[in-house]
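In what follows, chains carry the letters A, B, and so on, assigned in the order in which the sequence lines appear, proteins first and then strands, with residues in each chain numbered from 1. Below, each value reflects all heavy atoms present in this structure, side chains not excepted, and no hydrogens, waters or symmetry copies. Being a predicted model, the structure only gives us computed values, none of them experimental.
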Amino acid sequence: MTAIHLQLTEAVGNAFAALSLSADFGLVSRSSRDGSAPFQCNGCMAAAKLAKSNPRELAARIADELKDHPLIASLEIAGPGFLNITPAPDLLATQANALAADARTGASRVGDPKKIVIDFGGPNVAKPMHVGHLRSSVIGDALQRLLRFVGHDVVSDIHLGDWGLQMGQLITELQIEQPDLIYFDADFGGPWPDNAPVDIDDLSRMYPAASMACKSDPDRMDIARKATAELQAGRAGYRALLDHFIAVSIAALKIDFGNLGVHFDLWKGEAAVDPLIKLMVEKFKQDGFTEMSQGALIIRVAEEGDKKELPPLILISGAGAALYATTDLATIQDRVQNIDPDIILYVVDLGQASHFEQVFRAAAKTGLFAQEGLEHIKFGTVNGKDGKRFRTRSGGVMRLSDLLGQANEAAMARLSAAGLASGMDAEEKSEIARMIGLAAIKFADLRNVRTTNYVFDIERFTEFEGKTGPYLLYAAVRMKSMLRKAEAAGIIASKIIPEAGAEKTLVLMLDNFDHALKGATTKRHPHILCEHLYELAQTFSKFYASCPVLSAESTQLQASRLNLVQTSLRQLETGLELLGIETPERM
RNA sequence: GGUCCCAUAGCUCAGCUGGAUAGAGCGUCUGCCUUCUAAGCAGAAUGCCGCAGGUUCGAGUCCUGCUGGGAUCACCA
């Protein structure tokens, strides 16, 4: 099926073409004004400018072309040359029933599916998850769901941070705490113990300690650097320790991400591509892409015509270690070999824009991957209420589980205060509170344009009024409740006949789903879908308030409205699912 | 200092290829629960779209300069 605005675009485009003008001028969109016709076309002004003619005259000629068009009930010319278009009444009805009959409620699939790797989450081993990871996870998860839904072949990868200096820091921290462990015996060759010498609590305590110690003590930092280089050179005891660290971290992360409802196809990390690095670097050397500079092996990525001076990418540090950019390049190679994607998306904060610029250019220069296929899906920094960048303070670590717990509590309190979940047993109530809390957090995050900075404010996360996740859930739950009652009353949904204003508006809103999905997926901007779902819920609430369903005056009207409710619910639930938000049966 | 991003209602934010009277939510004010869940609905007030120029029939949107805030500028990730 094709959305009404696209059908109209074709019709108006043909009218332009009939006058030997580009059909592109025929673009029809939702009207920007209330009270006038629901659709408008602004192409006459642009076309007239190009043809050096009068826009109103052109508009009149277009209107003449479309005079008896079956899709168009009326067409008015306004202002300098706007076309205000009212679609034929039966078009609205036809569309309503097509949406109702479509399992995807109007959502189309892309014509050219791509294989897309999406790299997000990116938590570090031992380093606790903070709000930045939450943002990457929530946005990345929404994008993977969206891109899959419109037909792309998507592979998601958590891309664990498990290979850098932090590992050397951790290893040396453990050595200071427990110097007698067998892992530190350079002469011992294995086999290594099966059980990890540390648990997740040890790791989350040790990392900040090690990090601080290295910051204040250059000697301590040198030891950590050396350990990092040794680890990467293949020291068996260190590698065995690293494997323990990774396993312990992944076990904990799986619980965290499970609670968030975020899924990854791959749980690979930087360490996984270590075996590729040596050969890759060798090849880069042979092909003449590298050079030595100040003791480090680099790839120059600056290009002529650059406005900014882009520093070279450092492949191997002076201490002989692979760095962030090195593993990123090796990861691209790994993905090409194992997945062969068309596109790789990196959902990472915008502070790393120049890092990705370097990596993308190096990848293109060395022939690893075409630059057009590499996209940095950047998002704003997470700020505190003071507007400054949110940083984990030395003691106060922001744990994901704490955040979810707070949202959960707020949801529970709100349920009780509103008397909404009365009559439910404790188990159901807490399950509902969990869904509401998660919806609050995810929607609060996703509804912002991802590139702007984001104020982390727990109050705002758990606000349940207005443009929020819980409002959307509430709308969905009211629909579900109505459907249950209709079923009990034996009312069967049937042909939709949009009559009342609220009904027509609702149909038009439902018909806009596909447009929102296209915007959200092609721009990688989930907030466009958020906006649509909020408008849908709002439009439905107006319909709900003004159009009784179960007590409508005729069976025909009951059946028509019930069908509208069913279709609205299906679209709302589909959309929420694409955002990673679950809908309860009642609340 | 160089480069990039941001600046819209008291607060948090939308604003799609440049289009008509710049929109939501929160907060404030007024109504609406014996009727499908009031976390809702109906209505009201609220703006030198940071400042100054430019491009044009038309600029919140594009260009230049300025102010203010943020990010980043080779061996952390």
Side-chain angles (χ1 to χ4, degrees), chain A residues 24 27 29-33 36 40 42-43 45-46 48-49 55 78-82 84 122 124 127 161 163-166 169 211 214 225 270 293-298 306-319 321 323-325 327 349-355 357-358 378 380-381 383 387-389 414-415 417-418 420 436 444 447-449 451-453 455 457 460 463-468 470-471 473-475 477-486 489 515-516 519 523 525 527-528 530-531 534-535 538 541-542 544-546 548-552 561 565 586-587:
Chain A
D24 293 343
L27 182 65
S29 56
R30 280 202 290 168
S31 176
S32 57
R33 285 161 63 96
S36 69
Q40 65 178 353
N42 302 337
M45 277 89 75
K49 188 176 196 171
F82 296 101
N84 290 328
N124 295 314
K127 229 165 157 178
W163 195 238
L165 176 67
Q166 54 186 342
Q169 289 176 331
S211 174
C214 288
R225 282 222 173 87
E270 297 168 327
S293 172
Q294 299 172 34
L297 188 70
I298 63 162
D306 275 357
K307 273 189 176 177
K308 55 186 170 184
E309 263 183 65
L310 203 61
L313 176 145
I314 298 178
L315 210 52
I316 301 293
S317 76
L323 300 174
Y324 187 24
T327 53
D349 76 274
L350 53 77
Q352 296 178 52
S354 59
H355 162 73
E357 185 70 38
Q358 289 177 316
K378 50 190 84 128
T381 56
N383 296 338
K388 288 180 182 167
R389 189 168 190 172
R414 191 62 195 231
L415 275 176
L420 269 177
I436 294 174
R447 78 186 192 103
N448 300 306
V449 184
T451 47
T452 56
N453 288 352
V455 176
D457 180 352
R460 200 179 138 217
E463 236 167 51
F464 293 157
E465 273 152 13
K467 201 170 187 171
T468 65
Y471 171 87
L473 295 191
Y474 181 69
V477 160
R478 290 208 294 190
M479 296 176 196
K480 289 188 179 191
S481 170
M482 212 187 303
L483 295 184
R484 279 194 300 270
K485 289 197 169 151
H515 183 63
K523 292 174 190 162
H525 268 153
H527 85 275
I528 295 174
C530 291
E531 196 66 30
Y534 177 70
E535 284 183 17
Q538 215 174 25
S541 286
K542 287 174 188 178
Y544 182 91
S546 67
V549 178
L550 305 180
S551 58
R561 287 181 177 169
V565 177
R586 48 185 193 153
M587 62 191 260

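Using a 4.0 Å heavy-atom distance criterion, A:G318 is classed as a base contact. Looking at heavy-atom distances under 4.0 Å, A:L310 makes no contact with the nucleic acid at all. Residue contacts for A:S551: at a heavy-atom cut-off of 4.0 Å it reaches no nucleic acid atom on any strand shown. Residue contacts shown for A:I316 are absent, as no nucleic acid heavy atom lies under 4.0 Å away. No engagement by A:L313 is indicated, since no non-hydrogen atom pair under 4.0 Å with the nucleic acid exists. Across all strands, A:Y534 comes closer than 4.0 Å only to sugar-phosphate atoms, never to a base (heavy-atom distances). Within the 4.0 angstrom heavy-atom criterion, base atoms lie near A:I314. Looking at heavy-atom distances under 4.0 Å, A:S293 makes contact with a base. Residue A:A78 is in base contact, counting any heavy-atom pair closer than 4.0 Å across all strands shown. If you check every strand for non-hydrogen atoms under 4.0 Å, A:A46 touches a base. Among the heavy atoms of the strands lying under 4.0 Å from A:L323 are primed sugar atoms or P, OP1, OP2 only; no base atom is included.
In this structure, the CD atom of A:E357 is 11 Å from the P atom of B:C4, given to the nearest Å. A:N42 places its CG atom 7 Å from the P atom of B:G19, with the value rounded to the nearest Å. Between A:M45 atom CE and B:G19 atom C1' there is a gap of 5 Å when expressed in whole angstrom units. Computed from coordinates, the A:D349 CG to B:C76 C1' distance equals 14 Å when rounded to whole Å. One interatomic measurement links the two molecules: OH of A:Y324 to P of B:C73, which rounds to 12 Å at whole-angstrom precision. When rounded to the nearest whole Å, the span between CD of A:Q538 and C1' of B:A24 equals 7 Å. For A:N124 and B:C76, the CG to C1' distance is 10 Å, given to the nearest whole Å. Atom P of nucleotide B:A38 and atom CZ of A:F464 are separated by 18 Å, given to the nearest angstrom.
In the set B:C26, B:A42, B:C36, the nucleotide with an atom closest to the side chain of A:E463 is B:C26. Comparing B:A77, B:A74, B:A20 against the side chain of A:N84 picks out B:A20 as the nearest. Looking at the side chain of A:E465, the nearest of the listed nucleotides B:U72, B:C26, B:G18 is B:C26. Listed candidates were B:C75, B:G18, B:A77. Nearest to the side chain of A:Q294 is B:C75. Checking B:A74, B:A77, B:C36 against every side-chain atom of A:E270, the shortest atom distance belongs to B:A77. Among the nucleotides B:U72, B:C75, B:U37, the one closest to any side-chain atom of A:R225 is B:C75. Residue A:Y474 places its side chain closer to B:U37 than to any other of B:A77, B:U37, B:G25.
Phosphate proximity of B:A71 to A:Q352: absent, as no side-chain N or O sits under 4.0 Å from OP1 or OP2. Close to B:U37, at under 4.0 Å from its OP1 or OP2, lies a side-chain N or O of A:K485. For A:S354, no side-chain nitrogen or oxygen approaches OP1 or OP2 of B:U72 to under 4.0 Å. For the OP1/OP2 pair of B:A24 and a distance below 4.0 Å, the side-chain nitrogens and oxygens of A:Y471 include no atom meeting the criterion.
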**Message:** For RNA chain B, please output the secondary structure as dot-bracket, reading 5' to 3'. Pairs are Watson-Crick or G-U wobble, both atom distances under 3.5 Å; mark crossing pairs with [ ], other-strand partners with |, unpaired with a dot.
**Reply:** (((((((..((((.....[...)))).(((((.......))))).....(((((..]....))))))))))))....
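In this structure, A:K49 and A:P55 have side chains that are not in contact, with every pair of non-hydrogen atoms separated by 4.5 Å or more. Between A:Y324 and A:E270, the closest side-chain pair of non-hydrogen atoms falls below 4.5 Å.
Heavy atoms of other residues, nucleotides or ligands lying less than 6.0 angstrom from NZ of A:K480 number more than 12.
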**Request:** Would you give a per-nucleotide map of nucleotides 6-16 of chain B, 5' to 3', where B means the base has a protein non-hydrogen atom under 4.0 Å away, S means only the sugar-phosphate does, and - means neither?
**Result:** ------SSSSB
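Between the side chain of A:K49 and the base of B:G58 there is at least one donor-acceptor pair of N/O atoms closer than 3.5 Å. No donor-acceptor contact under 3.5 Å links the side chain of A:R586 to the base of B:U37.
B:C33 shows a glycosidic angle within 90° of 0 and is accordingly assigned syn.
A:Y534 does not carry A:R447 over the face of its six-membered ring by the limits of under 6.0 Å from the centre and within 45° of the normal.
Separating the C1' atom of B:C6 from that of B:U12 is a span of 15 Å, rounded to the nearest Å. Between the C1' atoms of B:A42 and B:G47, the separation comes to 24 Å (whole Å). When the P atom is compared between B:G60 and B:A22, the two are found 10 Å apart, to the nearest whole Å. The gap from the P atom of B:U8 to that of B:C13 amounts to 9 Å, rounded to the nearest Å.
Judged by distance alone, the side chain of A:R586 and the main-chain N or O of A:S481 form no donor-acceptor pair under 3.5 Å. Proximity of a side-chain donor or acceptor of A:Q358 to a complementary backbone N or O of A:P312 within less than 3.5 Å is detected.
Between A:T327 and A:S541, the residue anchored nearer the 5' end of RNA chain B, judged by the nucleotide with its closest heavy atom, is A:S541.
A:S546 and A:P548 get closest at one heavy-atom pair: O-CD, 3.5 Å.
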